[in-house]
Number of protein chains: 2
Amino acid sequence: MPSKRKGNKRDAILDAMLDVVVERGFHEAPMSLIAERSGASTGVIYHHFASKEEIIQAVYERTRLLKTEEFLKGYSPEMDARDAFLHVWANCYEFYRKHPREMRFMEQYALAGFPCVSDPKAAENQFFRRFQSRAKGGVLKDWPQEILQEMTLGLVARLAQSPRKWKPATLREVAEQTWESVKAD
Amino acid sequence: MPSKRKGNKRDAILDAMLDVVVERGFHEAPMSLIAERSGASTGVIYHHFASKEEIIQAVYERTRLLKTEEFLKGYSPEMDARDAFLHVWANCYEFYRKHPREMRFMEQYALAGFPCVSDPKAAENQFFRRFQSRAKGGVLKDWPQEILQEMTLGLVARLAQSPRKWKPATLREVAEQTWESVKAD
DNA sequence: AAAAACAGAACGAACGTTCGGTTTGTCCTG
DNA sequence: CAGGACAAACCGAACGTTCGTTCTGTTTTT
């Protein structure tokens with residue numbers, strides 16, 4: 001049971017919801033279990049949150065913010081295009097590797113039909129504005145952004161999700177080959 | 001309410017479960033709604049299936065079989081490597097386009113922690129045996145199969161999932177570029 | 001006439017939520 | 001610095017609802 005600062009159990013409740021949803025799915029995530037895992041009583045849970053759904057939304061929002069921050073860490077628009085691409089690729093892989101539970105939660109959240117009030121791909125979009133297609137003065141192939149995104153960061157997400165750990169050399173090769181695939185000729 | 005042959009409601013129940021799960025998630029998929037949507041009473045549902053979970057497993061298995069069949073339609077191991085690749089790529093895209101609900105169900109099923117008794121990627125694996133990496137006498141880059149799979153059929157799955165409909169010319173270009181990315185130099 | 005398919009009311013269990021009361025923290029006043 | 005007052009944090013039993021499942025009986029098929 002992860003205890004947090006100041007005797008406040010709000011974060012512990014969010015952590016518990018994240019864990020339980022990832023382990024067992026939104027079905028089979030009863031409040032009684034959230035209470036047990038977080039070390040909070042059902043009473044205090046409803047002191048912090050109005051409903052179960054509000055907890056889930058809060059986990060979503062907290063994770064979305066964390067992702068946006070870590071994605072763009074150490075990136076600046078002045079970087080050379082290829083370097084910037086490989087840098088964010090690595091950031092992205094690192095994030096998903098370090099936060100596999102958060103990643104699974106986000107995917108399940110979107111798939112299960114919860115309302116995504118704020119764009120879950122905000123981080124990706126922000127980055128891709130740097131690399132607009134050549135027709136718009138960018139350096140990438142003249143394909144729709146969504147396709148380019150799936151070929152690059154979408155691929156990273158799924159590679160990081162795998163239980164296998166890839167050799168750094170292989171990952172580097174994949175990243176470089178990907179860059180070759182999407183950059184304008 | 002899709003009615004089926006022979007007055008048998010088994011299929012209608014599976015269809016209803018598929019629809020409801022995709023629309024609302026495994027949570028919020030009560031039997032009462034399955035009964036209403038399928039036009040079957042709760043009594044007859046439990047005549048055909050032992051439990052709610054068994055219905056879900058049956059939907060999973062039915063979809064998995066359908067997918068395996070359609071993936072490899074018109075494919076034979078004697079085809080030229082590049083042609084075979086592009087052919088199955090197109091099959092794959094078509095399948096996901098024609099069966100978006102089935103696709104979402106399968107993803108949610110795997111994510112929500114249901115036991116995958118039979119390999120959900122059986123179709124992909126069967127196809128990829130044709131294209132083993134060069135180190136094993138194949139024609140693809142010497143990367144792990146899982147990576148190659150994500151770069152190719154995994155990408156198709158994502159593209160087909162998008163609400164946007166891509167131009168056939170663009171798709172063809174993406175397919176060809178993908179082949180260039182994964183084939184051995 | 002026997003079996004399979006079907007209907008829908010009913011049941012117990014489990015769920016999300018509420019409620020009354022207790023502890024802990026904070027800050028004001030003398 | 002003591003003490004009292006107010007609020008926020010907290011607990012867990014209890015409530016009403018809804019869920020998955022069962023049961024008894026009816027209709028349809030073979």
Which residues within residues 52-61 of chain A lie with some heavy atom under 4.0 Å of an atom in DNA chain C? Lys52(A)

Please collect all salt bridge (Lys or Arg N to Asp or Glu O under 4.0 Å) contacts where either partner lies in residues 81-90 of chain B, sequence neighbours excluded, each pair once. Arg82(B)-Glu176(B)

Under 4.0 Å, heavy atoms only, any strand: does Ala35(B) hit a base, just the sugar-phosphate, or nothing? nothing

Any idea which of dT21(D), dC10(D), dC6(C) is nearest the Asn8(B) side chain? dC6(C)

Trp143(A)-Leu159(B) co-clustered via ILVMFWY side chain contacts under 4.5 Å: yes

Tell me: NZ of Lys9(B) to P of dT29(D), nearest whole Å? 12 Å

Picking from dC11(D), dT21(D), dC15(C), which would you name as closest to the side chain of Ser32(A)? dC15(C)

In whole angstroms, how far is the P atom of dA9(D) from the CZ atom of Arg10(A)? 10 Å

How long is the line joining CD1 of Ile45(B) and P of dT22(D), in whole Å? 13 Å

From CG of Leu33(B) over to P of dT18(D), roughly how many Å is that when rounded to an integer? 14 Å

Grab the N/O contacts between the protein and nucleotides 9-11 of chain C below 3.5 Å, and write none if there aren't any.
residue : atom : partner  : partner atom : Å
dA9(C)  : N6   : Thr42(B) : OG1          : 3.1

Per atom distances to the Tyr46(A) side chain, the nearest of dC11(D), dC19(D), dT18(C) is dT18(C)

For atom CD1 of Ile34(B) and atom P of dC19(D), their distance in whole Å: 11 Å

Roughly how many Å is it from NE2 in His48(A) to C1' in dC11(D), rounded to a whole number? 12 Å

Not counting sequence neighbours, which residues clear ring-ring contact (aromatic ring centres under 6.0 Å, His included) with Tyr93(A)? List them please. none

By side-chain contact (heavy atoms from CB on, under 4.5 Å), which residues pair with His87(B), not counting sequence neighbours? Tyr75(B), Met79(B), Asn91(B)

Does dA9(D) have OP1 or OP2 sitting under 4.0 Å from an N or O in the side chain of His47(A)? yes

Taking only residues two or more places apart in sequence or in another chain, which ones pass salt bridge (Lys or Arg N to Asp or Glu O under 4.0 Å) with Arg101(A)? Asp19(A)

To the nearest angstrom, how far is Ile13(A) atom CD1 from dT17(C) atom P? 13 Å

Could you check whether Ala40(B) gets within reach of a base, just the sugar-phosphate, or nothing at all, counting any heavy atom under 4.0 Å? sugar-phosphate

With the side chain defined as heavy atoms from C-beta on, Ser41(A) is closest, among dA9(D), dT17(C), dG12(D), to dG12(D)

Mind telling me whether Phe85(A) and Trp89(A) have parallel, tilted or perpendicular rings, with 30° and 60° as the class edges? tilted

Could you work out, with side-chain contact (heavy atoms from CB on, under 4.5 Å) as the rule, every residue matching Tyr46(B), not counting sequence neighbours? Met31(B)

Gap between atoms NE2 and P, on His27(B) and dG16(C) respectively (whole Å): 11 Å

List in chain and number order the residues that pass ring-ring contact (aromatic ring centres under 6.0 Å, His included) with Phe26(B), two or more places apart in sequence or in another chain; answer none if no residue qualifies. His27(A), Phe105(B), Phe114(B)

Electrostatic pair Lys67(A):Glu124(A) at N-O distance under 4.0 angstrom: yes

Looking only at side-chain atoms of Pro30(B), point me to the closest of dC19(D), dT21(D), dA4(C). dC19(D)

Those residues at least two apart in sequence (or on a different chain) that pass side-chain contact (heavy atoms from CB on, under 4.5 Å) with Glu70(B) are Leu66(B), Lys73(B), Phe95(B), Lys98(B), His99(B)

